[in-house]
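Following: one structure in structure tokens, then a few remarks.
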Amino acid sequence: RAASELMNLRRLFQFLPATADVFEARIVISQHIVGKQTHDAHLVAFMQVYSVSNIVTFNVSHLQGFSGVTVMNPSEL
């Protein structure tokens with residue numbers, strides 16, 4: 001069932017490749033990010049590389065500190 005759900009998601013969303021540019025974004029180093037917040041920084045690196053400024057997430061507080069990112073909670077849309 002999980003494989004079927006993943007296929008459904010692939011039809012609904014555009015997936016961006018993890019290019020070298022994403023890994024070279026240096027956001028983790030430039031903002032001295034450590035621990036679990038590195039996952040959030042990785043998302044922001046994708047956003048920067050692909051010129052995405054808005055993100056919808058339930059974890060609003062995790063992404064509010066990054067510049068150039070507009071964070072929206074789905075419950076407020």
Please tabulate, for side-chain N and O atoms in residues 67-77, each donor-acceptor pair with protein atoms closer than 3.5 Å (sequence neighbours left out).
from, atom 1, to, atom 2, distance (Å)
Thr70, OG1, Asn54, OD1, 3.4
Asn73, OD1, Ser75, N, 2.9
Asn73, OD1, Ser75, OG, 2.8

Could you list the donor-acceptor pairs under 3.5 angstrom formed between side-chain atoms of residues 33-48 and any protein atom two or more places apart in sequence or on another chain?
from, atom 1, to, atom 2, distance (Å)
Thr38, OG1, Gly35, O, 2.7

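Under the 4.5 Å side-chain heavy-atom criterion for Ile, Leu, Val, Met, Phe, Trp and Tyr, Leu12 and Phe15 are members of the same hydrophobic cluster. Grouping the Ile, Leu, Val, Met, Phe, Trp and Tyr side chains by contacts below 4.5 angstrom, directly or via other members, places Phe23 apart from Val49.
Shortest non-hydrogen contact noted between Tyr50 and Val22 is CE1-CG2, 4.1 Å.
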